[in-house]
> 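Sharing a structure with you now.
When a ligand or atom number is given, it counts from 1 through the structure's own listing order. Computed from a prediction, not measured in an experiment: that's the story for all the values here.
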Amino acid sequence: MLTDKCIIVGVTGGIAAYKVPDLISKLVKAKAEVHVIMTESATKFITPLSLQTISRNPVISGMFDTPGEWEVQHVSLADRADLLLVVPATANIIGKVCAGIADDMLSTTIMATRAPVVFAPAMNVNMYENPLVQANIAKLKSHGYRFIEPATGLLACGYEGKGRLPEVNTIFEAICGLLGAAKDLAGKTVLVTAGPTREYIDPVRFLTNGSSGKMGYAIAKAARDRGARVILVSGPVNIPVPAGVAHVPVISAREMFDAVVKHYTEADIIIKTAAVADYQPKEKLESKLKKGPGDWNLELERTPDILQYLGEKKGNRILVGFAAETDNLVQNASVKVQAKNLDFIVANDITQPGAGFGTDTNVVKIIYRDGRVEELDKLDKKEIAHHILDRVVNLL
Ligand code: CTP
């Protein structure tokens, strides 16, 4: 899978370094050529000998370990790398790279490489949430550096929160994705909306729908694998956030609208898979409504139509909508393509077996502005995601 790919694994000083041998072993088994660079503090958590044995290559830790060779080493490795992964990435290395500091073998190599650099941060939750660290991450992202978001859970320091290194498999999958697929979306930013929205009636009750988010998350992953920078605006779902995408969690249609308005100007391509609630309660009660003897009439008002708004601001962007229908699929979806000024719409008849909400497969028709209709077979959502992106690439 990773045959002949040269991956530099930069290890910095965090407790999560104990997961690195497992990750390197997976990369080596997938036939990658792995070279490890450790910072001095990383060697306090794990020995160079372990990583040397597993990677089957000499480990570089000190800049002046092998006098006369370092100069050649850091430049040649930086040149040869297909990808540089910093795992775990401490606040320190993130801050250093952000400030343009190159004072050891790892930071020097990061500075010298033209290969994609991916950081997998792991640290205490308060450190991770520190505005300085967040500002550094945002700045690095704007320069094209990628991040695998930390997971949430119990941290080594005893705190609970965001800052855990994601599972080795998640990191491995992200690396395979980045190195494996055609990079026909490199340099593009793709904004994907996914999942349902929740419109709260009172603190315990809400209106929603059965969207699982699987289709949108599959598109986010596929776009990431094809080299795009991905912003995933997602309603509440029960699937993990794909590594290496920027995740913007939202709850209601109004919040999704605000998040999309904030980010759409960065996007070259917008794919709206989200099943947005069309109505919200006119009034949200602050306390739980106690039941009475009679009926309850709930007054609803329209939510903003996000896609309609985007259609009005379309410009050169590629805009793709989704339509979930139960009747007159093509006719209803065709009206939406025109009304919302889309390049095409992906229509699924959610009454068909293997299609729509919650399933791993989907059966869709793609309907263009000029009325052309393409019918895809029943396919895995991952495959459908690539079909959709193939069509987006054709339009670029
Ligand atoms: N959509 C949106 N904002 C809304 C409602 C829908 O952005 N408030 C988007 C969805 O993300 C989807 C497309 O519009 O990409 C079509 O959604 P769908 O629910 O099928 O259609 P509606 O336009 O809401 O029309 P209707 O519910 O009457 O079928």
> Could you label the plane-to-plane angle of the Phe344 and Tyr368 rings as parallel, tilted or perpendicular, counting under 30° as parallel and over 60° as perpendicular?
tilted

> Salt bridge or not between Arg226 and Asp184? Use side-chain N to carboxylate O under 4.0 Å.
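The answer is yes: the pair qualifies as a salt bridge.
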
> Near Ala274, which atoms of ligand 1 are under 4.0 Å from a heavy atom of that residue?
10 (C), 11 (O)

> Decide whether the shortest distance between a heavy atom of Lys340 and an atom of ligand 1 is less than 4.0 Å.
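Contact present.
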
> Is any N or O atom of Gly321, backbone or side chain, closer than 3.5 Å to an N or O atom of ligand 1?
no

> Do you see a donor-acceptor pair shorter than 3.5 Å between the side chains of Thr197 and Glu199?
yes

> Could you tell me the residue and atom name of the protein heavy atom closest to atom 17 (O) of ligand 1, and the distance to it rounded to 0.1 Å?
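Result: Phe322 O, 3.6 Å.
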
> We want to know whether Gln134 and Glu129 form a side-chain donor-acceptor pair, criterion being a heavy-atom distance below 3.5 angstrom.
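Per modelled atom types, Gln134 and Glu129 side chains form no pair under 3.5 Å.
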
> Report yes or no: does a heavy atom of Pro304 sit under 4.0 Å from some atom of ligand 1?
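Per 4.0 Å heavy-atom rule, Pro304 contacts ligand 1.
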
> Mark the output for Ala253 as yes if a heavy-atom distance to ligand 1 is under 4.0 Å, and as no if none is.
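Heavy atoms of Ala253 never come under 4.0 Å of ligand 1.
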
> At less than 4.0 angstrom from any non-hydrogen atom of Ala324, what atoms of ligand 1 do you find?
20 (O)

> Examine the proximity of ligand 1 to Lys336 and report which part, side chain or backbone, both or neither, has a heavy atom under 4.0 Å away.
side chain

> Please confirm whether Phe257 and Tyr309 have ring centers closer than 6.0 angstrom.
yes

> So which heavy atom in the protein is nearest atom 3 (N) of ligand 1, and how far is it from that ligand atom?
Ile306 N, 3.0 Å

> Give yes if a backbone or side-chain nitrogen or oxygen of Asp278 is under 3.5 Å from a nitrogen or oxygen of ligand 1, and no if not.
yes

> N/O of Val276 under 3.5 Å from N/O of ligand 1, yes or no?
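Among all N and O atoms of Val276, none is under 3.5 Å from an N or O of ligand 1.
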
> Is the shortest side-chain N to carboxylate O distance from Arg205 to Asp202 below 4.0 Å?
yes

> With side chain to side chain donor-acceptor pair (under 3.5 Å) as the test, would you mind laying out the steps for Asp104 and Ser107 before giving the verdict?
CA-CA 6 Å; Asp104 61 9; Ser107 49; 2.5 Å; yes

> Can you list the atoms of ligand 1 that are under 4.0 Å from a heavy atom of Leu307?
2 (C), 7 (O), 9 (C), 13 (C), 14 (O), 15 (O)

> Any salt bridge between Lys214 and Asp380, counting N to O under 4.0 Å?
no

> Is Lys272 in polar range of ligand 1, meaning some N or O pair under 3.5 Å apart?
yes

> May I ask you to check whether Ser211 and Asn209 show a side-chain donor-acceptor distance below 3.5 Å?
no

> In terms of atom number and element, which parts of ligand 1 are under 4.0 angstrom from non-hydrogen atoms of Thr303?
8 (N)

